[in-house]
Protein chains: 2
Amino acid sequence: MKMQVPDVERRSPSIPGELLASTLFLLARLGLSVKARVLEEFEQQGFSVYQYSVLAILNEGSSDRQSSIADALGFDRGQLVGILDDLEDRGLIERRRDENDRRRHSVSLTPEGKRQLVKLRKVVMSIEDSVLEPLDERARKSLHGALLTVAAHSDPRFAGLT
Amino acid sequence: MKMQVPDVERRSPSIPGELLASTLFLLARLGLSVKARVLEEFEQQGFSVYQYSVLAILNEGSSDRQSSIADALGFDRGQLVGILDDLEDRGLIERRRDENDRRRHSVSLTPEGKRQLVKLRKVVMSIEDSVLEPLDERARKSLHGALLTVAAHSDPRFAGLT
DNA sequence: TATTGTTATACTCTATAACTATA
DNA sequence: TATAGTTATAGAGTATAACAATA
């Protein structure tokens, strides 16, 4: 149980103005908390965000080699193996050997995988709504544009959208 | 050496549009990359960002107990000990026993600590300039405001500034 | 008994490097 | 010899829990 303490000690500790004034600090902190939040929600659904990312990329890029999936998402290739193993066990993706180069695997979504992607998409959108709640539609668009610009500036993989 | 491959395979892998369209994804990714970038630059200076955060908070809150520092910055208390140990060894901070409650330590900046804070502040600002380069002053202000609003919405510690 | 700071332990990520099978 | 995928190992980072001193 919380002890009663004088006012001056009970005020909740706040982050120093110097850090609040730093966009970099806000980005890093917000990024971490968003990641934690998303991780938690997904775990409750029995999935990981990484799996969602893979499903999303497969939904767009048709079938793909594992190496390009890993490169696009910034995963380690060894890391991706486990993610794909799990998705395959659940019947959400399919690995086929490339007959032209038998070292390669072609990965593709199954119909069940597409269905699951729709469900997970809803989870993401629901969290996004909750996080961005204090911003109106215009502010959200503006924020998104700024983030995209900044991200593309330091990583060409983000430059995808026109 | 890089092997020559057909055009269709050589295009650099890009992040799926579904993820680029998600503000949450951008926040998480940008946050991680910013953190990594800052971590790296600081390491080259022989410091850690955590040390910088502690110096910054001490510069504003006068002398403080370790627990409130940890709470404000979201550090684990045990984690903070090591950070303070190092800062103390370098003569940047001072730990004194609180005579009213001898369990507590009062932590404060030394003059040398203040000087070092100024130096580290420059490092942060230089990185920030580089990250935000593609945004003009107005867009930077807008981005910062949006981030602050969103952060304060889910964590009261960010609500410090008016 | 509860709390402050400290130390020690365990667990999770991630990064690196070996290994196989194909080329 | 080099590459794609796989597996195993090691390191950093973090979270948890035990500990001593004081209240």
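Each chain gets a letter, A, B and so on, in the order its sequence line appears, and its residues count up from 1. Remember, predicted model here, so these are calculated numbers, not experimental data.
- Between the C1' atom of D/dG13 and the NZ atom of A/Lys35 lies a distance of 11 Å, rounded to the nearest Å.
- Nearest to the side chain of A/Tyr50, among C/dG5, C/dT14, D/dG5, sits C/dT14.
- B/Arg97 comes within 4.0 angstrom of nothing in the nucleic acid, heavy atoms only.
- A salt bridge links A/Asp71 with A/Arg77; the closest basic N to acidic carboxylate O contact falls under 4.0 Å.
- Side chain B/Arg103 to base C/dT3: a donor-acceptor pair is found below 3.5 Å.
- Residue-level contact check: B/Phe75 touches neither bases nor backbone, having no heavy atom under 4.0 Å from any strand.
- Distance A/Asp76 CG to D/dA8 C1': 13 Å, rounded to the nearest Å.
- Side-chain nitrogen and oxygen atoms of B/Ser67 include at least one within less than 4.0 Å of the OP1 or OP2 phosphate oxygen of C/dG5.
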Assess whether side-chain contact (heavy atoms from CB on, under 4.5 Å) is satisfied between B/Asp86 and B/Leu92, documenting all intermediate values. CA-CA 9 Å; B/Asp86 193 37; B/Leu92 305 180; over 6 Å; no

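- Put simply, CZ on B/Phe42 is 21 Å from P on D/dA12, counting in whole angstrom units.
- Taking only side-chain atoms of B/Arg104, from C-beta outward, the nucleotide of C/dT4, C/dT7, D/dG5 with the closest atom is C/dT4.
- Classification of B/Arg138 and B/Asp136 as a salt-bridged pair fails, no side-chain N sitting under 4.0 Å from a carboxylate O.
- Ring geometry for A/Tyr50 against A/Phe75 counts as perpendicular: the plane angle is over 60°, on a 0 to 90° scale with 30° as the lower cut.
- Remark: P of D/dA18 and CZ of B/Arg77 are 17 Å apart, rounded to the nearest angstrom.
- Residue-to-nucleotide proximity on DNA chain D shows that, of A/Gln66 and B/Gly74, the 5′-proximal contact is made by A/Gln66.
- Using a 4.0 Å cut-off between a side-chain N of Lys or Arg and a carboxylate O of Asp or Glu, A/Arg37 and A/Glu40 do not qualify as a salt bridge.
- Taking atom CG on B/Asp98 and atom P on D/dA21, their separation rounds to 19 Å, with Å as the unit.
- What separates CG of A/Asp71 from P of D/dT3 is a distance of 13 Å, to the nearest Å.
- Residue-to-nucleotide proximity on DNA chain D shows that, of A/Asp85 and B/Arg102, the 5′-proximal contact is made by A/Asp85.
- Rounded to a whole Å, the CD atom of A/Gln79 is 15 Å from the P atom of D/dG5.
- Put simply, CZ on A/Arg65 is 17 Å from P on C/dT22, counting in whole angstrom units.
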